[in-house]
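Notes follow once the structure below has been shown.
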2 protein chains.
Amino acid sequence: MNTPRKAPTMADVARLAGVSPMTVSRAFKRDSSVSEATRETILKAADEIGYVFDATASNLRSQKTDFVAVTIPSINNANFADTLRGLSEGLKARGLQTLLGYTDYDIQEEERLIEQLLRRRPEAIVVTGGRHTPRARRMLQNAGIPVVETWDLPEAPIGHVVGFSNALAVRGMVDHFVAQGLTRIAFIGGDADRDTRGSDRREGFIAAMRAQGLDPSRLIAAGAPPISMREGAAAMGRLLDTLPDTQAVICVSDLSAFGALTECQRRGIPVPDRIWIAGFGDYEIAEVSVPSLTTINPFPREIGARTAALLLRVMDGQQEGPATLAIHPQLLIRGSSR
Amino acid sequence: MNTPRKAPTMADVARLAGVSPMTVSRAFKRDSSVSEATRETILKAADEIGYVFDATASNLRSQKTDFVAVTIPSINNANFADTLRGLSEGLKARGLQTLLGYTDYDIQEEERLIEQLLRRRPEAIVVTGGRHTPRARRMLQNAGIPVVETWDLPEAPIGHVVGFSNALAVRGMVDHFVAQGLTRIAFIGGDADRDTRGSDRREGFIAAMRAQGLDPSRLIAAGAPPISMREGAAAMGRLLDTLPDTQAVICVSDLSAFGALTECQRRGIPVPDRIWIAGFGDYEIAEVSVPSLTTINPFPREIGARTAALLLRVMDGQQEGPATLAIHPQLLIRGSSR
DNA sequence: CTGAAAGCGCTAACAA
DNA sequence: TTGTTAGCGCTTTCAG
């Protein structure tokens with residue numbers, strides 16, 4: 001398992017192939033001008049001595065790392081995972097590798113992470129959300145590389161933006177429920193300051209209810225993010241105990257919405273006959289559960305894909321100035337609300 | 001957003017602080033011997049000119065990257081995400097950063113990925129599963145760094161192992177069902193060659209049924225991995241159509257098991273009264289769903305945590321020779337099977 | 001505790 | 001198409 005002797009370098013390959021190190025270097029690039037015969041000899045020689053290209057040296061000399069740094073709140077979340085897939089898929093086509101870190105929904109942790117990531121000299125950085133510590137903002141601004149904020153529409157963007165308004169998305173759901181004649185609507189989640197997107201969604205709920213002239217005070221805290229199915233169930237229990245006349249509940253995510261649904265099932269409360277439930281995110285479970293869950297699809301995969309495409313344009317110099325790409329979340333009315 | 005002038009280097013910091021670059025270098029290490037006063041001056045100077053430590057140069061000169069490469073089949077899977085969390089948490093304590101890649105459950109893609117990752121000169125590599133292409137095996141063997149295979153107990157390990165036998169875990173479930181008096185037991189999933197763990201689980205099912213003298217032919221294909229809830233539901237539909245007298249079904253994962261459960265709910269087939277359902281993985285949904293799902297907990301988080309601990313021992317030279325750490329999956333009997 | 005010299009392995013820049 | 005020279009920004013090594 002361990003190779004005792006030193007790893008071979010390009011110089012070793014060059015010697016064996018009877019060429020200069022520079023030619024070996026060229027042979028390992030895609031588009032370089034090396035004769036097919038020479039390239040083959042070189043690659044065979046490299047294979048023979050078990051040469052592995054050393055990116056650390058290449059990075060330093062060329063001042064290019066082919067890294068794109070990415071911070072997401074959690075790896076264990078299908079929405080962010082989808083964004084990451086869309087992003088890394090799009091970047092892979094250009095030989096760019098995502099350098100991932102997760103913040104645990106904590107902007108202090110995000111600050112530490114950004115500092116660590118920037119040391120690796122990424123060629124761009126993609127962060128989730130539009131709220132950061134002052135020092136994190138400063139580091140991003142001074143990094144000298146493209147910055148993209150996602151999953152939000154910040155008022156004062158640092159650079160590029162690919163996202164949507166969490167508040168407005170929830171307003172769409174409230175307005176739909178009100179149009180259906182409901183008035184006693186509750187919201188589960190988004191109580192913790194840490195949960196920036198969750199808080200935005202709750203604020204959006206409150207603003208929308210106020211705009212409709214309705215009571216926005218049916219708010220159930222569900223703890224710090226990530227809010228689990230279990231916490232959704234517990235929150236639903238509290239809602240049913242304290243405000244039993246509630247007609248509909250909007251949950252901060254599909255996971256908590258599903259938990260809420262199961263709590264109703266355990267208590268024998270029919271959904272949607274007695275109460276409507278809505279989630280957020282269009283996770284797979286929202287489509288599969290019985291009943292299926294009304295939700296909002298923020299197109300996580302597209303956020304990633306469009307971010308990748310934007311970055312490629314920026315790196316090609318085809319993008320003048322900072323771009324803000326607005327994603328339009330889609331309301332999906334399903335079995336849990338009709 | 002873009003810094004036009006070149007990024008400052010240690011030399012710039014040194015000049016401003018009135019010391020040599022070497023002293024700046026020492027000031028940026030934790031344990032280095034620099035007087036507190038000097039260190040403070042240096043860090044202030046660095047902050048002033050917006051200096052960011054350049055890991056690419058450090059990596060090359062010191063021949064250390066503080067990277068640990070990790071391959072997982074998919075980021076969008078709670079089990080692997082948990083392993084990754086346990087792993088990266090454990091490594092972070094020592095300043096090691098995980099360099100992540102995902103294989104899409106494809107060992108060809110894994111081969112490409114391993115090659116890319118090794119170019120970054122990680123100090124160890126952790127792969128999921130024990131089946132690899134011959135070239136991937138060779139690259140891992142010759143990499144000269146610790147290698148850990150996880151989520152499996154390979155017959156011929158490359159280096160270290162932290163995992164369990166997928167086949168034996170499923171056998172435990174089969175034996176439990178048989179002990180409860182069931183004989184007509186089916187298996188959903190694991191048909192595609194690509195799905196190494198899924199195939200192992202199916203083979204384990206077949207072997208266990210044979211050992212019990214029972215018919216192991218109730219096998220429902222569910223497509224290539226990852227097998228979704230939707231595919232689990234479709235497979236359950238086929239099972240109910242073709243083998244309606246089946247008494248219990250073991251699914252390759254909790255996600256497909258939940259899909260199967262919903263299909264029963266849509267058809268009005270009571271679970272567990274008419275048919276038992278079991279999954280694999282102890283995902284959150286298995287505990288929350290109604291009824292809750294009988295499953296097997298393979299302790300994904302522990303796999304990651306123990307892998308991290310093992311790697312730290314190896315790097316400290318406290319581990320002689322390759323280790324195999326066996327994880328013992330736990331049978332969880334829940335509402336879907338009683 | 002601090003500094004000077006050298007070089008990690010590759011590639012930009014220039015030359016042939 | 002191929003080669004030569006120099007140097008990316010840090011840290012090892014050795015010296016004080």
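A, B, ... follow the sequence lines: proteins, then strands. Residue 1 opens every chain.
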Legend entry - Pairing residues for B/Gln319 by the side-chain contact (heavy atoms from CB on, under 4.5 Å) criterion, not counting sequence neighbours: B/His160, B/Leu310, B/Arg313, B/Val314, B/Ala323

In whole Å, what is the span from the [atom1] atom of [X] to the [atom2] atom of [N]?
X        : N      : atom1 : atom2 : result
B/Arg121 : D/dC10 : CZ    : P     : 21 Å
B/Arg120 : C/dG9  : CZ    : P     : 18 Å
A/Met10  : D/dT2  : CE    : C1'   : 15 Å

Inset, instruction - Give me the residues of residues 57-67 of chain A where at least one heavy atom lies under 4.0 Å from an atom of DNA chain C, by number, or none. - result: A/Ala57, A/Ser58, A/Arg61, A/Ser62

Legend entry - Nucleic acid contacts - residues 35-47 of chain B versus DNA chain C, non-hydrogen atoms under 4.0 Å: B/Ser35, B/Thr38

Can a side chain N or O of [X] be found less than 4.0 Å away from OP1 or OP2 on [N]?
X       : N      : value
B/Thr23 : C/dG3  : yes
B/Ser25 : D/dT11 : yes
A/Tyr51 : C/dG9  : no

With the threshold set at 4.0 Å, does a side-chain nitrogen-carboxylate oxygen contact exist between [X] and [Y]?
X       : Y        : result
B/Asp82 : B/Arg85  : no
A/Glu89 : A/Arg306 : no
A/Asp66 : A/Arg121 : no

Legend entry - First of B/Asp54 and A/Met22 reached from the 5' end of DNA chain D, by closest nucleotide: A/Met22

Inset, instruction - Consider only side-chain N and O atoms of A/Ser74 and A/Asn76, and report whether a donor and an acceptor are under 3.5 Å apart. - result: no

Legend entry - A/Phe53 vs B/Arg26, nearer the 5' end of DNA chain C by closest nucleotide: B/Arg26

Legend entry - Heavy-atom closest pair, residues A/Gly130 and A/Asp152: N-OD2, 3.3 Å

Inset, instruction - Determine the contact category for B/Phe28: base if any of its heavy atoms lies under 4.0 Å from a base atom, sugar-phosphate if only primed atoms, P, OP1 or OP2 are that close, otherwise nothing. - result: nothing

Inset, instruction - Output, in order, the C-alpha distance, side-chain angles, deciding distance and verdict of side chain to side chain donor-acceptor pair (under 3.5 Å) for A/Thr41 and A/Thr38. - result: CA-CA 5 Å; A/Thr41 316; A/Thr38 314; 5.9 Å; no

Inset, instruction - For residues B/Val13 and B/Ile49, determine if any side-chain heavy atom of one lies less than 4.5 Å from a side-chain heavy atom of the other. - result: yes

Inset, instruction - Would you check if the side chain of A/Ser62 reaches a backbone N or O of A/Ser58 as a donor-acceptor pair within less than 3.5 Å? - result: yes

